[in-house]
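Step one of this worksheet: look at the structure below.
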Amino acid sequence: MQTSDPDPHIHVERKVPKVDADTRNLVVSMLGRATDAPTVVTTGCGVQVPYAMTSTRPESITCLACREHAHRECLRFADQIERLGFMPGTPLTGDQVAEGTQRMRELAKRFSG
């Protein structure tokens, strides 16, 4: 039986915005809890790889499908932040919404570049 070569690419987790440290901190402040990092993750391109073979830095991602996935997810998350900012009772200020939205859109641009 032949073994396949290990995947040499650096991927991004499928849930892109939720893995960034600043985003995690924002979610923790909103929900009051954090999660542990898993040992194996599903990536944006749909494969499962060790967590160590992923990155949150766009410049480190070598899998093109993961970069495209991350671009789309960051734009989608920016839209969600914007919508949350207009909901009654949101704990976010207008400045936080604008900053979070801008940060996600800039991150999306870095994934597309």
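Computation of the quantities below employed the complete heavy-atom set of this structure, encompassing side-chain atoms and omitting hydrogens, waters and symmetry-equivalent molecules.
With values rounded to the nearest 0.5 angstrom, Cys63 atom SG is found 5.0 Å from His11 atom NE2. Separation of atoms CD1 (Ile81) and CZ (Arg105) is listed at 9.0 Å; rounding is to 0.5 Å. Summarising the geometry, atom CD belonging to Gln96 is positioned 12.0 Å from atom CG belonging to Leu84; distances are rounded to the nearest 0.5 Å. With values rounded to the nearest 0.5 angstrom, Met104 atom CE is found 10.5 Å from Glu99 atom CD.
Taking every heavy atom of both residues into account, Cys66 and Gly44 meet most closely at SG-N, 3.7 Å. The two residues Ser60 and Ile10 come nearest to each other via the heavy atoms O-CB, 3.3 Å. Across all their heavy atoms, Phe111 and Thr56 have their closest contact at CZ-O, 4.0 Å. The nearest pair of heavy atoms linking Ser55 to Val12 is O-CG2, 3.6 Å. Closest approach of His71 to Ser112, counting heavy atoms only: ND1-CB, 3.4 Å.
Inter-residue side-chain proximity for Met53 and Val40 is flagged as unmet; no heavy-atom pair is nearer than 4.5 Å. In this structure, the side chains of Glu13 and Tyr51 come closer than 4.5 Å at one or more pairs of heavy atoms.
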Side chain to side chain contact (heavy atoms under 4.5 Å, CB included) between Leu107 and Arg103, worked out: CA-CA 6 Å; Leu107 185 59; Arg103 184 178 295 152; 5.6 Å; no
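Between Lys109 and Glu106 there is no salt bridge, since none of the side-chain N atoms of the basic residue sits less than 4.0 Å from a carboxylate O of the acidic one.
Residues satisfying the side-chain hydrogen bond (donor to acceptor under 3.5 Å, both in side chains) test with Thr62, not counting sequence neighbours, are His9.
Formation of a donor-acceptor pair under 3.5 Å by the Thr101 side chain with backbone atoms of Ala98 is not found in this model. No donor-acceptor pair under 3.5 Å is formed between the side chain of Arg110 and the backbone N or O of Glu59.
Residues Leu75 and Val97 do not share a hydrophobic cluster, defined by chaining ILVMFWY side chains whose heavy atoms lie under 4.5 Å apart.
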